[in-house]
Amino acid sequence: AQKITQTQPGMFVQEKEAVTLDCTYDTSDPSYGLFWYKQPSSGEMIFLIYQGSYDQQNATEGRYSLNFQKARKSANLVISASQLGDSAMYFCAMREVTYNQGGKLIFGQGTELSVKP
Amino acid sequence: DTGVSQDPRHKITKRGQNVTFRCDPISEHNRLYWYRQTLGQGPEFLTYFQNEAQLEKSRLLSDRFSAERPKGSFSTLEIQRTEQGDSAMYLCASSSLKPGTGNYHEQYFGPGTRLTVT
């Protein structure tokens, strides 16, 4: 069965510094997608970044980058130059890739990030 | 803004009552998903639709839960005979299978409906 593990319940980072949020996954499928979502206290899930299992390069989106290590089955999120508005819950998720590309997401338990001024 | 919308945003009900939630996906998105999120946990998949067809249901979706998507547009999630364990945030998401109509891989989430069963 597919599984996502986030081992850091909470993290603190100083404003303007970089932070890495850990995510490991388990799947026997050769084709899968990995996602990171941000959930502020308002509750809405905000898409941050995506990595496909066959992508050769690590994904980047602005201040977010995904450190994808396929052999280790890890997909860590790196946030550079942290801002106070980055304080939120962060979820790593994996999607089953079916023939029609739109499978369900399996989420980890999340990491609560707090950015200190 | 034509994002995913959910109604109501909050619902308080007494145990044993029926409740119904609505989700309006992004137009042109043919896939619609329901997830449930309890406090301190990540969202858990409940069910999804492609157009009007319900393609998969989680075993979490007991027979008290039913979801519909008539005409492949909005969707409703009904919970009958609510129990205190049903208290959670119910999230709806939509995605598209058509390249060029948005991020091909992303599921766009709505703001959620927070259910409290007393």
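Everything quoted here is computed from the prediction, not taken from an experiment. Hydrogens, waters and symmetry mates are skipped; everything else that's a heavy atom, side chains included, is used. Sequence lines set the chain letters: A, B, ... in the order given, protein chains first and strands last, and positions in each chain run from 1.
Ring geometry for Tyr35(B) versus Phe107(A): interplanar angle over 60°, hence perpendicular rather than tilted (30 to 60°). In this pair, His29(B) and Tyr108(B) present their aromatic rings tilted. The plane angle is within the 30 to 60° band.
Contacts of Gln6(B) with chain A are absent, with no heavy-atom separation under 4.5 Å from either backbone or side chain. Within the 4.5 angstrom heavy-atom criterion, only side-chain atoms of Gln37(B), from C-beta onward, approach chain A. No part of Gln6(A) comes within reach of chain B, as not one of its non-hydrogen atoms sits under 4.5 angstrom from that chain.
Looking at Ser75(B), Ser58(B), Pro43(B) one by one, the single match for side chain to side chain contact (heavy atoms under 4.5 Å, CB included) with Trp34(B) turns out to be Ser75(B).
Interface remark: of the candidates Glu44(A), Met45(A), Glu112(A), Met89(A), Met45(A) forms the most heavy-atom pairs closer than 4.5 Å to chain B.
A donor-acceptor pair shorter than 3.5 Å can be found between the side chains of Gln2(A) and Thr27(A).
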